[in-house]
Protein chains: 2
Amino acid sequence: MADEKPTSIWMQPERQERSGPGRRPGYSREQVTRTAVRIADAEGLDAVTMRRIACDLGTGAMSLYRYVPRRDDLFDLMIDLAMSEVELPDGPSGDWRADLTLLAGRVRAAGLRHPWLIALLTSRPTLGPNLLRVHEFALGAFEGIGLDIDDITGFAGMLDDYVHSAIRREIGWQEEARRTGLDPERWKRDYMGPYVRQVVESGAFPLFNRSVLESRTAHLTPEERFRQGLDRILDAVAALIAALPARP
Amino acid sequence: MADEKPTSIWMQPERQERSGPGRRPGYSREQVTRTAVRIADAEGLDAVTMRRIACDLGTGAMSLYRYVPRRDDLFDLMIDLAMSEVELPDGPSGDWRADLTLLAGRVRAAGLRHPWLIALLTSRPTLGPNLLRVHEFALGAFEGIGLDIDDITGFAGMLDDYVHSAIRREIGWQEEARRTGLDPERWKRDYMGPYVRQVVESGAFPLFNRSVLESRTAHLTPEERFRQGLDRILDAVAALIAALPARP
DNA sequence: TCCATTTGCGTACTACGTACCTGAAATGGA
DNA sequence: TCCATTTCAGGTACGTAGTACGCAAATGGA
């Protein structure tokens with residue numbers, strides 16, 4: 001059996017339950033992934049080490065390599081497991097705006113439940129089956145309004161960009177706070193606060209100052225802010241669709 | 001002298017050239033940062049280790065800590081140095097569309113010159129002076145068309161989201177290829193290719209298939225593709241601005 | 001029963017960030 | 001000119017990471 005390492009994790013299926021000779025696997029790829037996700041949720045992505053996962057499973061670190069080729073592949077599996085929680089209807093409803101709002105909300109929920117998800121997702125080119133499923137739903141929502149495939153892809157990309165960026169803005173500093181060892185509230189006040197205050201007081205960036213000091217958006221709840229930005233994007237898409245030349 | 005570690009790097013200026021007794025610094029914070037950037041450009045972000053930087057500078061690893069408090073702070077400094085290369089006019093020209101196109105192109109150029117830049121920038125909440133300068137220019141381009149500060153911030157954010165996401169899409173797989181040790185062309189063909197082909201042939205995601213197989217966008221040069229997406233965003237912004245209710 | 005096969009996992013190697021410490025170097029004052 | 005003082009250079013070392021390697025244990029078929 002060739003040890004074909006240099007290929008995507010999705011091409012290397014887990015060892016099947018055979019009925020031949022040899023010891024039976026004590027764990028499973030999904031079990032390893034689920035443990036890794038639990039650790040990342042509770043203590044951040046940095047805490048996800050092979051030794052730590054193995055310890056939680058009650059086994060030795062090297063045993064994990066029977067189920068996952070490399071640590072990086074485990075990240076792809078974690079992304080896919082988290083995305084599998086995004087529940088969606090079987091197909092688009094016909095109301096594209098409602099469908100995409102639903103999609104965005106579900107992805108945001110998954111992103112908040114797993115604060116490491118969006119950072120991981122946007123930092124590596126991964127294409128797990130559940131990411132494909134979610135993406136396909138977005139494409140489907142745009143289909144049937146008379147768009148060609150390039151516009152469908154473009155608009156879906158615009159939406160993805162917004163959703164990912166907005167979620168990262170919402171929770172990005174949480175992970176950073178954890179990395180520096182401070183609790184999030186202290187980090188904001190003691191670590192980043194003094195610098196921002198200094199920048200503001202310097203007056204060097206007047207429009208930045210206004211966006212920090214005068215913004216009404218800053219006083220909304222995170223969910224309202226997400227929704228407001230989403231509506232902005234969907235308004236933009238609607239405006240563009242209205243302006244598209246009729247296709248033959 | 002208190003060793004105030006837990007605060008932003010921008011609040012901890014480099015030790016000044018004093019005129020008291022004692023040895024003079026042999027290097028500088030900028031020199032260290034510049035070396036780190038050079039290494040990252042040539043061999044990827046993973047190659048930027050304290051030992052490697054020190055080796056390139058011809059000194060010992062621990063000497064670097066005289067200039068940079070922690071390795072993470074060095075990343076902030078690298079981001080700022082790379083962003084300092086984004087040359088911009090002193091103020092907006094009055095043609096917001098031209099200004100933002102210029103801005104996007106310059107940021108893209110910096111992102112291509114430093115393939116690690118966008119990944120780093122979007123994975124940590126950093127606010128270096130040069131990032132603020134570039135952001136202020138974007139805000140300025142939106143000012144004076146009768147937008148309030150919330151709309152200015154919102155539109156500038158939309159643009160940032162697009163520019164960063166597009167650049168990441170353009171080069172994201174390069175870094176991933178380097179991480180796996182393959183050259184980029186081989187990675188695309190041998191690592192990711194077989195899986196994509198399998199997904200396509202399965203027929204499970206028909207719209208994804210069409211976006212891969214039928215897209216005309218895929219045959220454009222990267223620059224044309226970037227420009228096309230940018231125009232789409234700017235069209236959307238223009239459409240939204242036109243639709244905004246007149247403010248008193 | 002015995003053996004080919006596969007898993008569990010301890011050991012060990014390399015490489016990382018960085019705390020600590022020693023000694024060298026540079027300067028102002030005498 | 002010489003020395004006390006201050007600062008920097010950088011070696012050593014500790015803890016932790018990913019993971020290559022190899023052997024013992026377990027298992028089912030012959």
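Chain identifiers are assigned alphabetically (A, B, ...) following the order of the sequence lines, protein sequences preceding nucleic acid strands; residue numbering begins at 1 within each chain.
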Between dG17(C), dT7(C), dC8(D), which nucleotide gets closest to the side-chain atoms of Arg71(B)?
-> dG17(C)

Sorted by number, residues from residues 27-42 of chain B placing a heavy atom under 4.0 Å from DNA chain D are Tyr27(B)

Nearest whole angstrom, please: distance from the [atom2] of [N] to the [atom1] of [X].
| X | N | atom1 | atom2 | result |
| --- | --- | --- | --- | --- |
| Met50(B) | dA15(C) | CE | P | 18 Å |
| Leu57(B) | dC8(D) | CG | P | 16 Å |
| Arg70(B) | dC16(C) | CZ | C1' | 16 Å |
| Tyr65(A) | dC21(D) | OH | P | 13 Å |
| Asp46(A) | dC16(C) | CG | C1' | 13 Å |
| Asp73(A) | dG18(D) | CG | P | 14 Å |
| Leu74(B) | dC16(C) | CG | P | 15 Å |
| Ile53(B) | dT18(C) | CD1 | C1' | 13 Å |

State plainly whether the residues [X] and [Y] are in salt-bridge range, i.e. N to O under 4.0 Å.
| X | Y | result |
| --- | --- | --- |
| Arg133(A) | Glu136(A) | no |
| Arg38(A) | Asp56(A) | no |
| Asp161(A) | Arg168(B) | no |

More than 12 heavy atoms of other residues, nucleotides or ligands under 6.0 Å from CZ of Arg186(B): is that the case?
-> no

Count the heavy atoms belonging to other residues, nucleotides or ligands that lie under 6.0 Å from CD of Glu223(A), then report whether that count exceeds 12.
-> no

How are the rings of Tyr67(B) and Tyr27(B) set relative to one another: parallel (under 30°), tilted (30 to 60°) or perpendicular (over 60°)?
-> perpendicular

For the pair Glu176(B) (side chain) and Pro125(A) (backbone), establish whether a donor and an acceptor sit closer than 3.5 Å, ignoring hydrogens and angles.
-> no

Side-chain donor or acceptor of Ser165(B) paired with backbone N/O of Tyr162(B) under 3.5 Å = no

Considering Watson-Crick and G-U wobble pairs with both distances under 3.5 Å, what does dA30(D) pair with?
-> dT1(C)

Report yes if a donor N or O on one partner sits less than 3.5 Å from an acceptor N or O on the other, where the partners are the side chain of Arg66(A) and the base of dG8(C); otherwise report no.
-> yes

When you match Gly26(B) and Arg52(A) each to their closest nucleotide on DNA chain D, which lands nearer the 5' end?
-> Gly26(B)

Please state whether the phosphate of dC8(D), meaning OP1 or OP2, lies under 4.0 angstrom from any side-chain nitrogen or oxygen of Tyr67(B).
-> no

Per the side chain to side chain contact (heavy atoms under 4.5 Å, CB included) rule, which among Val37(A), Thr126(A), Val32(A), Val68(A) passes with Leu77(A)?
-> Val68(A)

Return the polar atom pairs (N/O with N/O) between nucleotides 11-13 of chain D and the protein under 3.5 Å, or none.
from, atom 1, to, atom 2, distance (Å)
dA13(D), N6, Arg51(B), NH2, 3.4

Contact class for Ser63(B) vs. all strands (heavy atom < 4.0 Å): base, sugar-phosphate, or nothing?
-> base

